[in-house]
Amino acid sequence: MDKILVRGLKIFAYHGVNPEEKEDGQNFIFDIDAVVDLRLPCRSDNVDDTVSYAKIIKETVKIFTAQKDDLLERAAERVAQGLFERFEKIQSLRILLKKPEAPIKADFDYVGVEIFRDRKD
């Protein structure tokens, strides 16, 4: 299974159930696995035959910052659906969305959600 990987994509946005999260904002971190058949670009060495990770990043930022969601689940789903719409070569996605600055009185690295979506879903 071939994949295009994006790791540690930091995006400042305004998601959360608390009013201050939607007003002050915070950092979120994405890890994305996009399953794409890479046999053709491996032979051709042509960026048009693959899905550019730069374009995946740009689209993720655009989708994620387009609106304010209460739930990370909703925000991750919007990103997955948007990437499927934009890139027909993506067969499936794993999106790990981390919230390292969640307003919780505890010592943690991050809280988050991880979703797996297939284009057929």
Side-chain angles (χ1 to χ4, degrees):
M1 183 179 345
D2 303 335
K3 296 178 185 175
I4 295 172
L5 307 174
V6 175
R7 294 289 183 265
L9 173 60
K10 189 182 290 185
I11 304 173
F12 190 86
Y14 300 87
H15 302 288
V17 296
N18 299 314
E20 64 271 13
E21 293 178 285
K22 288 201 173 63
E23 293 168 17
D24 300 336
Q26 61 192 293
N27 288 306
F28 297 85
I29 301 171
F30 278 89
D31 290 341
I32 300 171
D33 295 8
V35 174
V36 177
D37 185 347
L38 298 177
R39 288 176 286 193
L40 179 57
C42 285
R43 290 189 304 271
S44 71
D45 197 28
N46 185 335
V47 71
D48 293 332
D49 293 333
T50 190
V51 178
S52 163
Y53 45 79
K55 289 181 180 178
I56 289 174
I57 290 170
K58 182 178 179 179
E59 195 68 19
T60 299
V61 171
K62 178 180 162 188
I63 296 163
F64 189 65
T65 59
Q67 69 185 53
K68 299 175 182 181
D69 295 306
D70 287 345
L71 300 179
L72 291 181
E73 293 86 341
R74 169 79 173 155
E77 182 70 21
R78 284 192 312 99
V79 170
Q81 294 310 312
L83 292 177
F84 281 135
E85 289 172 15
R86 173 72 169 84
F87 305 106
E88 65 183 37
K89 292 177 180 156
I90 294 177
Q91 299 167 4
S92 63
L93 287 162
R94 179 192 71 89
I95 296 177
L96 173 58
L97 175 51
K98 304 173 189 177
K99 189 174 182 178
E101 301 165 9
I104 302 168
K105 293 187 190 291
D107 186 15
F108 59 92
D109 289 333
Y110 65 87
V111 296
V113 298
E114 183 174 38
I115 65 170
F116 300 86
R117 296 293 180 266
D118 189 86
R119 180 173 288 284
K120 298 174 209 164
D121 294 341

- Message: Determine whether Glu77 and Arg117 satisfy the following criterion, salt bridge (charged side-chain N to carboxylate O under 4.0 Å, His left out), listing intermediate values before the conclusion.
- Response: CA-CA 9 Å; Glu77 182 70 21; Arg117 296 293 180 266; 2.7 Å; yes

Return the [atom1] to [atom2] distance between [X] and [Y], rounded to the nearest 0.5 Å.
X      : Y      : atom1 : atom2 : value
Asp118 : Lys120 : CG    : NZ    : 5.0 Å
Ile11  : Thr60  : CD1   : OG1   : 6.0 Å
Arg78  : Glu73  : CZ    : CD    : 13.0 Å
Leu38  : Arg43  : CG    : CZ    : 11.0 Å
Asp33  : Ile90  : CG    : CD1   : 11.0 Å
Ile56  : Ile32  : CD1   : CD1   : 7.0 Å

Any non-hydrogen side-chain atom of [X] less than 4.5 Å from a side-chain atom of [Y]?
X     : Y     : answer
Ile95 : Val79 : yes
Asp37 : Asp2  : yes
Asp24 : Gln26 : no
Glu59 : Leu83 : yes
Asp70 : Lys22 : yes

- Message: Are there over 12 heavy-atom neighbours, none belonging to Arg39, within less than 6.0 Å of that residue's CZ?
- Response: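 It does not: Arg39 CZ has 12 such atoms or fewer within range.
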
If you take all heavy atoms of [X] and [Y], which pair is closest and at what distance?
X     : Y      : answer
Ala80 : Ile115 : CB-CD1, 4.0 Å
Lys89 : Val51  : CB-CG2, 3.7 Å
Asp31 : Lys98  : OD2-NZ, 3.1 Å
Ile29 : Gly8   : CG2-CA, 3.6 Å

Do the side chains of [X] and [Y] join up, straight or via other hydrophobic residues, at under 4.5 Å, putting them in one cluster?
X     : Y     : result
Leu97 : Ile63 : yes
Leu96 : Leu72 : no
Val35 : Val6  : no

- Contact list for residues 40-99, test ring-ring contact (aromatic ring centres under 6.0 Å, His included), sequence neighbours left out: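 The answer is His15-Phe64, Phe28-Phe64, Phe30-Phe64.
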
- Mark yes or no for whether Arg94, through its side chain, and Glu114, through its backbone, hold a donor-acceptor pair below 3.5 Å.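 Absent.
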
- Any residue meeting side-chain contact (heavy atoms from CB on, under 4.5 Å) with Asn46, in chain and number order, not counting sequence neighbours: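 If we apply the side-chain contact (heavy atoms from CB on, under 4.5 Å) test to Asn46, skipping adjacent residues, the hits are Ser44, Asp48, Asp49.
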
- Query: When you check the side-chain N and O atoms of Asp69 and Gln67, is any donor under 3.5 Å from an acceptor?
  - Reply: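 Checked: Asp69/Gln67 side chains pair up, N/O donor to acceptor below 3.5 Å.
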
- Can you name the ring-ring contact (aromatic ring centres under 6.0 Å, His included) partners of Phe12, sequence neighbours left out?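 For Phe12 the ring-ring contact (aromatic ring centres under 6.0 Å, His included) partners, ignoring immediate neighbours, are Tyr14.
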
- Query: Does a salt bridge link Glu21 with Lys68, judged by any charged N lying under 4.0 Å from a carboxylate O?
  - Reply: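 Looking at Lys68 together with Glu21, the answer is no, because their closest N to O distance does not fall below 4.0 Å.
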
